[in-house]
Amino acid sequence: MNFDPINIALSSVLILLGTALIAPLFRKNQKFMITFSFILAAIASLLAVAAGVVTVEGALVEKMVLPIGLPDLPFHLRLDALAGFFLTVVGLLSLFVSIFSIGYVKGFLGHRSVTSLVIFYCLFIAGMLSVVLADDALCFLVSWEIMAGASYFLVIFENEKADNRKAALLYLVVAHIGAIAILLAFGILAGIASGGSFSGYTFDAMRQANIPPHWATAAFALSFFGFSAKAGVIPLHAWLPEAHPAAPSNVSALMSGVMLKTAIYGIVRITFDIIHVFPWWWGAIVLTLGLISTVMGVLYALMQHDLKRLLAYHSVENIGIILIGIGLSMIFISFKLPLLAALGLLAGLYHTMNHAIFKGLLFMGAGAVLHATGERNMEEMGGLIHKMPWTAAMFLVGCLSISALPPFNGFVSEWLTFQAFLLSPSLPNNLMKLLIPLGAAILALSGALAAACFVKAFGVTFLGHWRGHHKPHHLHEVDWTMRSGMLLAGLTCLGLGVLPTMFINWIDNIAQQLVGSTLSLSATQYGWMWLTPISYERASYSGFIVFIGILVVVAATYLLLHVKPGAIRRSAIWDCGFEKLTNRMQYNATSFAQPIRRIFGFLFSIRERVEQVPHAGHKAFPKKLHYYLSVRDRIWKWLYKPVIEASFWISRQAGRLQQGHIQTYLIYSFITILVLLLFLR
Amino acid sequence: MDISLETAARITSFIAALVLITSFAMLAQKRIYGLIHLFAWQGLFLALNTAVVGYIADKHHLFISSLLTLGLKVFLLPYILYVLIKRLNIRKDVETIVNMPTTMLIGIGLVIFSYHLTAPVRELSTLMTRSTLTIALATVMIGLLMMITRRNAVTQIIGFLAMENGLFFTATSATYGMPLVVELGVALDVLIAAFIFGIFFFHISTTFDSLDVGQMARLKEDEMNE
C-alpha cells in the first residue's frame with residue numbers, strides 16, 4: 001500500500017461506498033447509524049481533501065486503470081491539478097456538511113426512518129468524487145448517473161408532500177436530458193478518437209485525436225448544454241429552485257455547493273483539456289450565458305420569500321459568475337493571451353471554491369433555522385438572532401461572503417473577475433474591446449442586487465421581532481455538531497478572503513497545466529500580503545490589511561458603545577402615537593423587495609391583488625386588508641410550457657395509432673412487410 | 001422409378017396450384033367447418049409436395065417433415081379446432097370485416113405482387129421448385145390477409161396456421177426445406193401455439209361472451225370513456 005494521492009482518493013470513494021453498504025445493518029438503531037455513517041463520511045471527505053491538496057500542490061498527474069467496467073473497456077482514473085482542485089472542493093464542503101449532518105439528521109428521528117437518507121448521502125458524495133476522478137467517458141457517465149440518481153432519492157426523501165415529488169421528477173427529467181446530451185458529446189469525441197475500434201473512449205485518446213472543427217463545435221454545444229442543465233444556467237435553471245428547497249438542508253448544501261460544480265468541472269475538462277483548441281465565439285457564448293444567469297438569478301432571488309428558494313436562485317447567479325470567469329478565459333486563450341486566460345480561469349475556479357463554501361454555509365444556516373423553527377418562509381420568522389446567536393453570526397458571515405464584501409472570500413474572486421473584465425481592451429478585436437467591459441457593469445449591478453437580497457434575507461430572518469402568526473414555544477440554538485459544521489465553513493470563508501495570495505499560489509498549477517501560464521509570479525510579487533493580479537500599478541488588494549482595518553473599526557465601535565454605561569438604552573419602539581403597533585407591522589421580505597420589483601417588473605409575470613374587508617359596511621374604515629402577490633418566472637411560460645405541451649401533443653398523436661383492434665395492428669405489420677419487400681426487392 | 005426434373009417441376013407446380021386454390025377457397029369460405037376442412041386439405045397438399053420434393057431431390061429428412069405435416073396439420077390441428085368449436089358453442093358462420101369479393105380481389109393483387117417480388121429469384125435459382133416460390137409467398141400473404149379481415153378469433157387462428165403453412169412451403173421451395181431440427185422445432189411450436197390458443201379462446205369467450213376480437217378493444221384504456 002503506497003500513499004499516492006490517487007490511492008487515497010480511491011480509498012475515500014471506497015469508504016463512502018462501504019458506508020452506504022454497511023449503514024442499513026444498523027437501521028434498528030438509527031441514532032448510532034447517523035453518528036457512525038456521518039463520521040465515516042467526514043473521514044472519507046478529509047482523505048479526499050488531503051489527496052486533492054497534495055495533487056494540486058505538487059502539480060502531479062497520476063493515472064490508474066481499474067479492473068472493473070465492461071469487458072475490454074476498464075475504468076480509467078486520473079488525478080491532475082484540475083481534478084485535485086475539484087476533489088478538494090467536494091471534499092472540503094462534504095467534510096463540513098457531514099459534521100453538520102450528525103446533528104441535523106437527528107431532527108428527523110421520530111418522524112421517519114433516515115436509512116435511505118444516509119445511504120444515498122454517501123453514494124451521492126462517492127458519485128461526485130468519482131466524476132472528478134474519471135478519465136474515460138464510461139466511468140465519467142456511470143459516476144455522473146450515480147450522482148444524479150442518488151440526489152434524486154435525496155430530493156424525494158420527504159416524499160409525503162406532492163410538491164417534493166413533483167420537484168424531484170422535474171429534476172430527474174432535466175438531469176437526464178442533460179446526461180443524454182453529454183453522452184452524445186462523448187460519442188462524437190470517442191467516435192473520432194477511436195476510428196473504428198472502441199479505444200477512443202478514454203479521455204487520453206480524445207486529447208490526442210485530431211478533431212475537425214465542426215465536430216468539435218457539435219461536441220462542445222452538446223456538452224455545454226448538458227452541463228448547463230446540471231449547473232442551472234438560465235434558461236435551464238427551472239429545476240433548481242424546486243429541487244433545492246425540497247431536499248433536506250444538508251443535501252441542499254451539497255447539491256448547491258458542490259454538485260453544480262461538477263458541471264463546471266465538466267465544462268472546463270472538455271473545453272480546456274480535451275478539445276483545447278477552439279474559436280473565440282465559444283467563450284463569448286459562455287460569457288453571455290454567464291452574464292444572463294448572473295443578473296436574472298439575483299433578480300429572481302430578490303422576489304423569493306422562501307429562504308431556501310432564495311438561496312437556490314443565488315446558486316444560479318453564482319454559477320453565472322463562475323462562467324463569466326471561464327468564458328473570459330476562453331476568449332483570452334483563443335486570442336493567445338495566456339496570462340489573461342490564467343487570470344480568468346483562476347478567478348472562475350476561485351469563485352467555484354468560494355461559492356461551494358459560503359453557499360454550503362448559508363444552506364446549513366437555513367437548515368439550522370428550519371431545524372429550530374420548522375419554517376422556510378421568511379415572512380413567518382424574525383428576531384432569531386436573540387435565540388440563535390451562533391447561527392445568526394455564521395449566516396451573517398455567509399451573507400457578507402456571497403455579497404462580495406471584504407474581508408471575506410466572495411470579494412476576492414469577484415474582484416479578480418472584474419480585473420479580467422477590465423483587461424479585455426488588450427484583445428485584438430475592436431467590437432469585443434467595447435462590448436466586454438459592459439459585462440463588468442452587469443456584474444457590478446448583480447453584485448449590488450445580491451447585497452440587497454442578503455440584507456433582506458438576514459434582516460427579515462434574524463432581526464426585528466417575530467413576524468409570524470404562531471411563535472414556536474421552544475426556539476433554541478442548534479447543537480454543537482451543527483454549530484461546528486457552520487463554524488468551520490465560516491472560518492474557511494474568512495481564511496480564503498484574508499489570504500488570497502496563498503490560495504492563488506496553490507491553484508496556479510491548474511493554470512499551468514491547462515492554459516500554459518501562471519499567475520503567481522505577478523500576483524504575489526509583493527509578498528503574501530498583497531494580491532497584484534497583473535502588476536502593482538494596475539490593481540492591488542490586501543485582504544489581511546482590510547481585515548485588520550475592519551477589526552479595528554468594529555472593536556473601537558464596540559468599546560465606545562460599551563465602555564460608557566447608559567450609551568445603549570433598551571425601550572419600546574416609538575409608534576408615532578398609533579398605540580396599536582403589532583409585530584406584523586414590520587418591514588417584511590415582500591415590502592423590502594417592492595422597489596426592485598417595480599423597476600424590474602417587466603422581467604417577471606407579476607399578479608398583485610388587494611382585497612378589503614369593510615368595517616360596519618363602510619368603505620372608508622376597512623377592517624382588514626388582504627394582499628395577494630404571485631411572482632412567476634417568465635421563462636417557464638415561454639420555454640418550458642411549449643415544450644411540455646408539444647410533447648403531450650406528440651404523445652396523443654402517437655396514441656391514435658393504438659386503436660385497440662387486433663386487425664389494425666395486423667394491418668400495420670402487413671403493410672410494413674409489403675413496403676419492405678417492395679423496397680428491398 | 002426415375003422421373004426427369006422437367007416432370008418433377010410440373011408435378012410440384014401442379015401441387016402448388018392446388019395449395020393456392022385452397023388458400024383462395026379459404027378466403028371465400030363462409031362456414032367455419034368448411035374452413036377447417038379446407039385447412040386440412042391444404043395440409044395434405046403440402047405434405048404431398050414435401051414428399052415429392054424429398055424423393056426427387058433425394059433429401060430423406062423431408063419425408064419425416066412430410067409425415068409430421070400430415071399428422072399435425074391434416075389430422076391433429078383440425079381435430080383440436082373442431083373440438084374447440086363444439087365445446088365453446090361458437091357461431092358456425094364466418095364473420096368478415098371486408099366483404100368476400102373485395103377480399104378475393106386483394107388476394108389476387110397479392111399473388112401478382114408476389115410474382116413481381118420473386119421474379120429476380122426465379123431467374124437466378126436453379127432449383128426445380130423455383131416456380132412454386134411465388135405461390136408459397138402468396139400463401140403467406142393470403143394467410144395474413146385472412147387474419148386481418150376476419151372477426152372471429154377461431155378464423156384468425158386458422159389464418160395464422162395457413163400463414164405458417166405458407167412459410168413451410170416457402171422453405172421447401174426455396175431451399176429444399178430447412179434442417180430437420182428446425183422443422184421439428186417449428187412443428188412443436190405450432191402444436192403448442194394451438195394449445196395456448198385453446199386456452200385463450202376459453203378465457204376470451206368466458207370474459208366477453210363471444211370470440212369477436214373487436215370486443216377486446218374494450219381492454220384499451222381510453223380517456224374518452226373515463
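In what follows, chains carry the letters A, B, and so on, assigned in the order in which the sequence lines appear, proteins first and then strands, with residues in each chain numbered from 1. What you see below is based on every heavy atom in this structure, not just the backbone, and it leaves out hydrogens, waters and symmetry mates.
The side-chain heavy atoms of Met141(B) and Leu674(A), taken from C-beta on, include a pair separated by under 4.5 Å.
Counting non-hydrogen atoms of other residues, nucleotides and ligands closer than 6.0 Å to CZ of Phe160(B) gives a total of 12 or fewer. Heavy atoms from other residues, nucleotides or ligands lying under 6.0 Å from OH of Tyr79(B) number 12 at most. Residue Tyr668(A) places its OH atom among more than 12 non-hydrogen atoms of other residues, nucleotides or ligands, all under 6.0 Å distant. Within 6.0 Å of CZ on Phe602(A) lie more than 12 heavy atoms contributed by other residues, nucleotides or ligands. Within a 6.0 Å sphere centred on CZ of Phe648(A), heavy atoms belonging to other residues, nucleotides or ligands number 12 at most.
When all heavy atoms are compared, the tightest approach of Ile673(A) to Leu144(B) is CD1-CD2, 4.3 Å.
The distance from atom CD1 of Ile671(A) to atom CD1 of Ile148(B), rounded to the nearest 0.5 Å, is 7.5 Å. Rounded to the nearest 0.5 angstrom, Phe113(B) CZ and Leu678(A) CG are separated by 4.5 Å.
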Show the numbers, then the answer: is there a side-chain contact (heavy atoms from CB on, under 4.5 Å) between Phe670(A) and Leu110(B)? CA-CA 11 Å; Phe670(A) 192 40; Leu110(B) 288 176; 3.7 Å; yes
